[in-house]
Amino acid sequence: MANIEALRRENDELKAELALVRKESTQYLQNVAHQLTAPLGAIKWSIEGLTMVGNVSIVKRQKLLSSIYSQATILVHLIKNFTLMSNLEVDHELGQFREQPEPVDLLRLCINLASDFQPQAADKGLKINVDEQSFHDIPKLKEIKIVKNLIAQAISNVLENAVKYSVEGSTIKLSVDKSDRVELFVESVGIPIKEDEKDKLFERNFRGVSAQQAVPAGTGIGLYLVARIMKLHKGDVSVETNGKKSSFIFGFPLKALS
Amino acid sequence: MSKKKTILFVDDEPSLQVALHAFLEDEGFECISTSNMTEAWEVLETTHVSSVVTDIMMPAGDAFPGIDSSETGYHFIEKLRKCFPNVAIVCLSVIGDQGKIRHLKKLGVLYLRKGETPLGTAVKTIKQKTTGIYEG
């Protein structure tokens, strides 16, 4: 009898767990739909606007074209994350990279990424500053061995968040330092991150309370992917906060420089 | 010359409205953009607004703590209906279950689905809702 009772309890617990997973999965799909529909809707309307009968002034045409470009950039970034999600799961099971790490100029990569996010940053009056001297101080960074596409996506995910959550008019700073490992810092001033949220930030589907309040729609996979990518590079990612200031730190092993 | 009618937009992703604003401005309306319920409320308290076009999923902002951001628009519309009964309301969103949409319609809210409503239709229906003149 006791066994049957225990089984019944276990069954109830599993049912509750399943209901929770279903609810989370519905919310997640709703979120993804929202994330994809918004930029696609903007592109569609801009194209409709460009083809409307009547006078479409040069200024308006420029505005609509620029909107199409920036929304398409957002979509490409989003879809890259979804593709990475499935690829990285397989790579982790295999414990190896799909592409082999090769020497990459980290400063050039950071400058290019900062430039990619410049239009979105400018809309909020933000500056993205790459501290070039800190990179020059570590000459070997010009040939750090990494998988360029993956690290680019990881830095992009953190930069995208920084742009999204930063206080208007503030500066986002990228710099590097070297001690017993190489560290890349992305610093910004935005919403505070609670102490108990710091580790959870890198869990799949987790979004901090303040982040959800500031920007309701989000996939919750960006930072999870960053952690996965860094782990594949035998490194890690962490966050340090001080009030509204936060610093995401990408740690690479010194071996990557050799 | 008659004074321009003002349309207040509330959406945390204003990029979607670049085209909408451009064509409504051509029609002679003034468009004001806000990105959360708090900002929108500040405008409503200081500016005469003829209509409001609002999203559902958006931040509430500092003045309205405790609102679930996935439902901010519903709270905003209820409050708007109560405090500014003469302001026309259009809901422009990708989400909203049928029951809630029916409720919004009962409140006199026009619901347009983001990403599905053609731009021309959106411009025309927002114009009609704002002016109260239905033609064609």
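The minimum heavy-atom distance between B/Thr117 and A/Trp45, with the atom names listed, is O-NE1, 2.8 Å.
Taking a 6.0 Å sphere around NZ of A/Lys124, one finds it holds more than 12 heavy atoms contributed by other residues, nucleotides or ligands. Within 6.0 Å of atom CG in A/Asp199, 12 or fewer heavy atoms from other residues, nucleotides or ligands are found, so the atom counts as exposed in its surroundings. Environment of CG in A/Asn129: crowded, with over 12 heavy atoms of neighbouring residues, nucleotides or ligands closer than 6.0 Å. The environment of A/Lys198 atom NZ is dense: over 12 non-hydrogen atoms of other residues, nucleotides or ligands sit within 6.0 angstrom.
Considering only heavy-atom pairs separated by less than 4.5 Å from chain B, the leading option among A/Gly49, A/Ser46, A/Ser66 is A/Gly49. For the set B/Pro118, B/Gly120, B/Ala122, the count of heavy-atom pairs under 4.5 angstrom toward chain A peaks at B/Pro118.
Between the CG atom of B/Asp26 and the OG atom of A/Ser57 there is a distance of 7.0 Å, given to the nearest 0.5 Å.
Within the 3.5 Å criterion, the main-chain N or O of B/Gly115 finds a donor-acceptor partner in the side chain of A/Lys44.
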Donor-acceptor pairs under 3.5 Å, side chain of residues 79-90 of chain B to any protein atom, not counting sequence neighbours: which ones?
residue	atom	partner	partner atom	Å
B/Arg81	NE	B/Leu107	O	2.9
B/Arg81	NH1	B/Pro85	O	3.3
B/Arg81	NH1	B/Val87	O	3.3
B/Arg81	NH2	B/Leu107	O	3.3

Only pairs under 3.5 Å count here: list side-chain donor-acceptor contacts from residues 40-60 of chain B, not counting sequence neighbours, and write none if there are none.
residue	atom	partner	partner atom	Å
B/Trp41	NE1	B/Glu45	OE2	3.3
B/Thr46	OG1	B/Glu42	O	3.0
B/Thr46	OG1	B/Val43	O	3.2
B/Thr47	OG1	B/Val43	O	3.3
B/Ser51	OG	B/Thr130	OG1	2.8
B/Asp55	OD1	B/Ser93	OG	3.3
B/Asp55	OD2	B/Lys114	NZ	3.2

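Heavy atoms closer than 4.5 Å to chain A are found in the backbone of B/Glu116, but not in its side chain. For A/Gln71, the part lying under 4.5 angstrom from a heavy atom of chain B is the side chain only.
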